[in-house]
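Heads up: the structure comes next, in structure tokens.
Counting starts at 1 for both ligands and their atoms, following the listed order.
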Amino acid sequence: MLPTDRVARFRERYRAGISPRYSGPLHALWVAAVGVSAMLFAASRLHEVQALEWLVLLLALLTGNVGEYLIHRRLGHRLWKPARLFHQRHTGDHHHFFTADAMCWDSPRDWRVVLFPGWLIVVVLALVAAPGGWLLAWLAGDNAGWLWVLGVTATYLLYETLHFSYHLPEDHVVHRRLPGLRRLRALHQLHHRPEEMTRTNFNLTFPLTDWLAGTLKEPTSR
Ligand SMILES: [Zn+2]
Ligand SMILES: [Zn+2]
């Protein structure tokens, strides 16, 4: 579906503000390179992982699921001054650029409004992955620490990849081929309705925390 006039005008204004030097593919490549390198490095440090130690990976993935929900709901859709930039990029830009009736980007320059800023993955590695990894390594051994780093980074990349796929056309090959992806896209599309964005479907990966918090809404139940 074509964007409405309001969305089209917003897109025009937003695009006019993107630096001519911006490159969507380089942006995506940077995030992938940093994330995959961190994951490979963490995986290379693992040594004879015991069954119980794998629970740390599960813990990191679950923490990531709750984290994405809370950050999206509390900071993306509510203005808290110290996180003003995030709120502006999310509610101000992302939700005005994409609505439920206009979910797709037109050119790789639009990836600027789909992906997180390139510096954020470095901040997450420095402030979430590394300190948590050190603490867990100290408490439960090196494997636990590296599994935490692995899980946090995997969550970040999963978020970026899945969210990126939701802003591809509904009939794109990835949605036709990957089981379940179309449903996740439909959940996010519902979240992009202005009347739903502060109420439903805050998970971007798997809707676990939404389900637990009672904010999961299927598109058909509108
Ligand atoms: Zn979105
Ligand atoms: Zn949102």
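Ring geometry, W146 versus F41: the interplanar angle exceeds 60°, so the pair is classed perpendicular (tilted spans 30 to 60°).
In summary, R182 and E170 do not engage in a salt bridge, as defined by a charged side-chain N under 4.0 Å from a carboxylate O.
Closest heavy-atom contact between P207 and L216: CB-CD1, 3.6 Å.
Only protein atoms were considered; those of element N, O or S under 2.8 Å from the Zn ion (ligand 1) number 5.
Aromatic pair F116/Y159: ring centres closer than 6.0 Å.
When rounded to 10 degrees, the angle formed at the Zn ion (ligand 2) by NE2 (H77) and NE2 (H90) equals 100°.
When each of M197, E218, E196 is paired with L190, the side chain to side chain contact (heavy atoms under 4.5 Å, CB included) condition holds for E196 and for no other.
Pairs engaging residues 65-86 under the ring-ring contact (aromatic ring centres under 6.0 Å, His included) rule: Y69-F202, H72-H77, H72-H90, H72-H191, H72-F202, H77-H90, H77-H95, H77-H191 [sequence neighbours left out].
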